[in-house]
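The structure appears right after this line, and notes come after that.
Numbered from 1 within each chain, the chains take letters A, B, ... in sequence-line order.
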Amino acid sequence: MTEKWKIKAVVVGASAGGLVALKKLLPALPATFPCPVLIVQHMSPQSDNYMTRMFNNLSPLLVKEVDEKEVILPGRVYIAPPDYHLLVESDGTLSLSMEEKVNYSRPSIDVLFETAADVYGAHLMGIILTGANADGANGLFAVKRKGGLTVVQHPDDAESPAMPRAAIERVKPHKVLTLDEIIELLSQSKVCL
Amino acid sequence: MKLPVAMEHRDFSTIENIELELLLQAVFLQYGYDFRNYSRAHVKRRVKHQMVQEGVKSISELQDKILHDRNNFERLVRTLSINVTEMFRNPEFYRSVRENVLPILKTYPYLKIWHAGCASGEEVYSFAIMLKEEGLLERTQIYATDFNPDVIQQAGKGIFSIRNIKEYTTNYQKAGGKESFSDYYHANDELVIFDKNLKKNIVFAEHNLVTDGVFAEVNMIVCRNVLIYFNRNLQNEVLKLLHKSLITGGFLALGTKESLMFSDEEKKYKTVDAKQKIFKKKHD
Ligand SMILES: C[S@@+](CC[C@H](N)C(=O)[O-])C[C@H]1O[C@@H](n2cnc3c(N)ncnc32)[C@H](O)[C@@H]1O
């Protein structure tokens, strides 16, 4: 079923419980993963880049906090810095913004997903993981509207089911999967270009 | 179709993107405010935000309103200028200025500091307090500028909501503050009013970094969290303007997430603090 998608980028949104989920997901991606992965994980504005460094140590891919206006490269994992929104530009660079919080969050999953959907259209895969709020539901809706592939972690499989539930209700996503199945999907060589 | 160089990297694959380009052209031609090289993703989000507020269905409809009614244009400027700011935002930055910059600035008999894109002034008053504690305020001329007239007016008053004062007090202490923060203001139920003496040497003025020229020649420029709203080309242009406005040996302070990394200007500076984004201008 995924054959019809030719994915060029993956966006991931996670909140409460996301650290554990990402700690499992990121190391499982193959070193040859052909897409860029852009991640918003909700966190306190004061947090340092400990999480990013940990992911980088565990993952075969380069995991880094976004530098303002850096060019998006395939096979890299980009994490939104604390207290900034992350936006995708149509020239293939990344912008940061400190505009007001969206869904009480900065970075906000909606902001990343909506701007990414605008740029990648049908070539985007959006994934909503565990979380205790409703951020990401509108963003994932935008991904679907533009023809992208929408995936939500199964609420029963999520440490916090509220965010997956909100996304499922709003979007009727293409796939509702356990974390293991999401990893399997991403590892299929056919999905990503 | 061949596009002008500056437009080559833009995406005109949707009607919406074309409408957005036309809106920004129209605003520039009619009002002289140039948002054409702002971060497009950011501008698009904000324009959509205004569309919802004005109850219009397309960017073209919004353009009609903005062209024919200046009030709508002013609302657009407000929407596009993100004024989020704090006192002693990133305390480690202030600590680094205290340790690495002020000792050098102290060697000058007379100083000028320019806060470009100062928003409602929290950053400027934070600097004034720090300069006072380091015995520098009396011999410093501070320029505080922004292109949004509303926030400049607010900044001139030095009155802020009491809501955030706890957080500011913590920031002040972490930033290496030497006194009791409450000595610098009077508070009532809602507001904190900062000591008038702090602003004795501050000039508040409107200045647009994109369309106006060099503002003054100064010893230090603080331009934090402004460049992030520009695309790379515009960042380069504005960085050139900032470079011209600094004396040799002068300091440039950018926001924590900004850098000279992608700019031609990088080689014209020596890094003072890589993490806190403080740079020192080399010889011209
Ligand atoms: C996020 S605030 C930064 C405030 C403060 N420097 C800080 O870091 O807390 C960005 C400010 O840049 C101003 N700005 C945006 N474009 C500008 C321009 N072309 N010229 C001058 N100021 C501009 C906005 O009005 C806004 O007040």
Side-chain angles (χ1 to χ4, degrees), chain A residues 9 11 38 44-49 52 64-73 78-103 106-123 138-139 142 145-147, chain B residues 6-14 16-17 20-21 37-46 48-49 78-86 89-92 117 119 167 170-171 174 224-236 239 254-263 275 277:
Chain A
V11 286
L38 308 165
S44 118
Q46 282 89 28
S47 38
D48 56 14
N49 59 0
T52 306
K64 66 184 302 281
E65 205 174 88
V66 170
D67 283 312
E68 145 61 22
K69 295 288 157 9
E70 80 176 296
V71 175
I72 304 167
L73 295 175
Y78 299 94
I79 312 253
D83 216 19
Y84 288 84
H85 292 301
L86 173 59
L87 299 85
V88 179
E89 299 285 345
S90 61
D91 65 359
T93 60
L94 292 168
S95 280
L96 301 174
S97 155
M98 40 194 261
E99 75 175 86
E100 63 254 38
K101 293 181 178 178
V102 176
N103 305 315
R106 190 171 54 216
S108 144
I109 301 168
D110 280 350
V111 173
L112 170 64
F113 278 37
E114 284 167 12
T115 56
D118 233 33
V119 170
Y120 291 106
H123 302 297
N138 286 330
R145 205 183 44 212
K146 296 265 173 178
Chain B
M7 287 165 76
E8 261 171 16
H9 296 294
R10 302 225 184 108
D11 170 13
F12 298 120
S13 64
T14 63
E16 196 177 58
N17 288 352
L20 186 58
E21 180 72 24
N37 287 309
Y38 274 52
S39 144
R40 223 6 107 86
H42 161 70
V43 169
K44 195 171 189 178
R45 272 189 62 76
R46 303 305 295 175
K48 284 188 171 170
H49 180 72
R78 263 177 250 141
T79 310
L80 289 179
S81 97
I82 305 297
N83 307 126
V84 178
T85 185
E86 266 174 45
R89 179 177 193 149
N90 310 122
E92 325 78 57
E167 193 190 337
T170 314
N171 282 356
K174 281 194 200 154
R224 308 190 74 214
N225 304 304
V226 182
L227 295 177
I228 50 175
Y229 298 103
F230 303 161
N231 71 18
R232 272 200 199 187
N233 285 341
L234 186 56
Q235 288 187 351
N236 264 318
L239 281 169
L254 301 176
T256 324
K257 288 290 153 198
E258 292 161 332
S259 73
L260 297 172
M261 195 161 50
F262 305 120
S263 160
K275 188 144 186 266
K277 305 295 155 69

Checklist entry - What part of V119(A) lies closer than 4.5 angstrom to a heavy atom of chain B: side chain, backbone, both or neither? => result neither

Item to check | Set of residues satisfying salt bridge (Lys or Arg N to Asp or Glu O under 4.0 Å) with respect to R40(B), sequence neighbours excluded | outcome: E21(B)

Item to check | Under 4.5 Å from any heavy atom of chain A - which part of S259(B) | outcome: neither

Item to check | Minimum heavy-atom distance T115(A)-A41(B), with the two atoms named | outcome: CG2-CB, 4.1 Å

Checklist entry - Counting heavy-atom pairs under 4.5 Å to chain B, which of E65(A), Q46(A), E99(A) comes out on top? => result E99(A)

Checklist entry - Are the side chain of K69(A) and the backbone N or O of F230(B) linked by a donor-acceptor pair below 3.5 Å? => result yes

Item to check | Validation row: V71(A), R232(B) side chains within 4.5 angstrom (heavy atoms) | outcome: yes

Checklist outcome for this item: Among E16(B), R89(B), H42(B), the residue with the most heavy-atom pairs under 4.5 Å to chain A is R89(B)

Item to check | Nearest-0.5 Å distance, NZ of residue K277(B) to CD of residue E68(A) | outcome: 9.5 Å

Next on the checklist: Under 4.0 Å between a side-chain nitrogen and a carboxylate oxygen: does that hold for R45(B) and E100(A)?
Outcome noted: no

Checklist entry - Taking side chain as C-beta onward, heavy atoms only, is H85(A) less than 4.5 Å from I82(B)? => result no

Item to check | Part of S95(A) within contact of chain B (heavy atom distance under 4.5 Å) | outcome: side chain

Checklist entry - Using a cut-off of under 4.5 Å for heavy-atom pairs, which of K44(B), M261(B), E258(B) has the most such pairs with chain A? => result K44(B)

Checklist entry - What's the spacing between T93(A) OG1 and N231(B) CG if we round to 0.5 Å? => result 8.0 Å

